[in-house]
Amino acid sequence: MSDAPKPVGRRERKKAATRQALADAALDLFLEHGYDQVSVRDVAEAADVSTTTLFKHFPSKEALVFDEDTDQQAALVAAVRERPAGRSLPAALLDHLLRTHLPTTADPGFPRYRQLILGTPVLREYGHRMWMRHEAALAEAIADEAGAPQDDPACAALAHFALESVALTHGRDDPRTTIEAAFALLEHGWQGRSGGAGQGA
């Protein structure tokens, strides 16, 4: 049997195009006017569809901002399973998060997108909830790679705190250093901190 992907039909292409048009229209409007000032009807009209059609693609207004949720989970699992030989699990996750969750000159729109989320409480809470949904899948991948039982608490802890490290960057001037500090703790433990800070605590 061939492993080549099956061609996508016209119906699927149309659905994907409509979903992308809605996500693009929503982001443009939210960035220009502010999330709270834009209604679901505004987004639907900008994409030239009905609100009924919009809700067939997105369950809520907040979901319009997080269109790549499924892709994020796949990327997290891939970061673990496809890491370079000799690269530790925490280091591989750190590499992935630094690449995907920090403002970058490669995507000039990312800082504005990130600020939209951080500056809108409902989006910040929704985004955090959606992000942490990947915890179980990530813990399973970590356990598989570590040769540990699926319910291993250390694997679950690594998955949980690796994902939570992103939230630590909110409101900080240097998000990279924040994430790196969190992962240094995950990689080496408290006693591995340089300078002996907190020894005996």
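Since this is a predicted model, take the numbers as computed values, not measurements. FYI, the numbering just counts along the sequence from 1.
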(message) To check you understand the geometry: which heavy-atom pair defines the closest contact between A156 and E135, and what is its length?
(response) O-OE2, 4.2 Å
(message) Give me the atom names and distance for the closest heavy-atom approach of E145 to R81.
(response) OE2-NH1, 3.7 Å
For residues 44-59, run the donor-acceptor check on the side chains, cut-off 3.5 Å, and write out each pair with its distance to 0.1 Å, sequence neighbours left out.
{"unit_1": "S50", "atom_1": "OG", "unit_2": "T53", "atom_2": "N", "d": "3.1"}
{"unit_1": "S50", "atom_1": "OG", "unit_2": "T53", "atom_2": "OG1", "d": "3.0"}

(message) Using side-chain heavy atoms (C-beta onward) and a distance below 4.5 Å, is Q72 in contact with M130?
(response) no
(message) Which heavy atom of G119 sits nearest to which heavy atom of P121, and what is that distance?
(response) O-CD, 3.7 Å
(message) Both conditions, 6.0 Å and 45 degrees, for the charged tip of K61 above the ring of Y126: are they met here?
(response) no
(message) Looking at V80, is its backbone amide N or carbonyl O close enough to the side chain of R83 to form a donor-acceptor pair, meaning the two atoms are under 3.5 Å apart?
(response) yes
(request) With the side chain counted from C-beta on, respond yes when L76 and W131 share a heavy-atom pair under 4.5 Å apart, and no when they do not. (result) yes
(message) Please determine whether the number of non-hydrogen atoms from other residues, nucleotides or ligands lying under 6.0 Å from atom CG of D174 exceeds 12.
(response) yes
(message) Check this for me, if you would: do R176 and E180 make a salt bridge, where the nitrogen-to-carboxylate-oxygen distance has to be below 4.0 angstrom?
(response) yes
(message) Let me confirm one number: the CG-CG distance from L89 to L94, rounded to the nearest 0.5 Å.
(response) 12.5 Å
(request) Side-chain contact test, heavy atoms from C-beta onward, threshold under 4.5 Å: evaluate it for C155 versus L158 and give yes or no. (result) no
(request) Consider only side-chain heavy atoms of I, L, V, M, F, W and Y, link residues closer than 4.5 Å, and tell whether V122 and L27 are in one cluster. (result) yes
(message) With a 4.0 Å cut-off on N to O distance, would you call R87 and D95 a salt bridge?
(response) yes
(request) Measure the shortest side-chain to side-chain distance between L93 and I142 over non-hydrogen atoms and say whether it is less than 4.5 angstrom. (result) yes
When the side chains of residues 163-170 are checked against the rest of the protein, which donor-acceptor pairs come out under 3.5 Å, sequence neighbours left out?
{"unit_1": "E164", "atom_1": "OE1", "unit_2": "H128", "atom_2": "NE2", "d": "3.1"}
{"unit_1": "E164", "atom_1": "OE2", "unit_2": "H128", "atom_2": "NE2", "d": "3.3"}
{"unit_1": "S165", "atom_1": "OG", "unit_2": "A162", "atom_2": "O", "d": "2.6"}
{"unit_1": "T169", "atom_1": "OG1", "unit_2": "R114", "atom_2": "NH2", "d": "2.9"}
{"unit_1": "T169", "atom_1": "OG1", "unit_2": "V166", "atom_2": "O", "d": "2.7"}

(message) Does R41, at its CZ atom, have more than 12 non-hydrogen atoms belonging to other residues, nucleotides or ligands within less than 6.0 Å?
(response) no
(message) For a quick test of reading the model, state the closest non-hydrogen atom pair linking E187 to S88 and the distance between them.
(response) OE1-OG, 2.7 Å
(message) Just verifying a value: how many Å separate L123 CG and E62 CD, rounded to the nearest 0.5 Å?
(response) 6.5 Å
(request) Please name the pair of heavy atoms, one in A92 and one in A79, separated by the smallest distance, quoted to 0.1 Å. (result) CB-O, 3.5 Å
(message) Once rounded to the nearest 0.5 Å, what's the spacing between atom NE2 of H134 and atom CE of M132?
(response) 10.0 Å
(request) Please round to the nearest 0.5 Å and tell me the distance separating atom CG of L64 and atom CG of D24. (result) 11.0 Å
(request) Answer whether the closest heavy-atom distance between the side chains of D144 and Q150 falls below 4.5 Å. (result) yes
(message) If hydrophobic clusters are built by linking Ile, Leu, Val, Met, Phe, Trp and Tyr wherever their side-chain heavy atoms come under 4.5 Å apart, do V40 and V43 end up in the same one?
(response) yes
(request) Could you tell me the separation between the OH atom of Y35 and the OG1 atom of T120, rounded to the nearest 0.5 Å? (result) 8.0 Å
(request) Determine, step by step, whether F183 and L97 satisfy the side-chain contact (heavy atoms from CB on, under 4.5 Å) criterion, reporting the C-alpha distance in whole Å, the side-chain angles of both residues, the deciding distance to 0.1 Å, and the verdict. (result) CA-CA 10 Å; F183 272 88; L97 293 180; 3.7 Å; yes
(request) For the residue pair Y113 and F110, categorise the inter-ring angle as parallel (less than 30°), tilted (30 to 60°) or perpendicular (more than 60°). (result) tilted
(message) Return the CG to CD distance between L31 and Q115, rounded to the nearest 0.5 Å.
(response) 10.5 Å
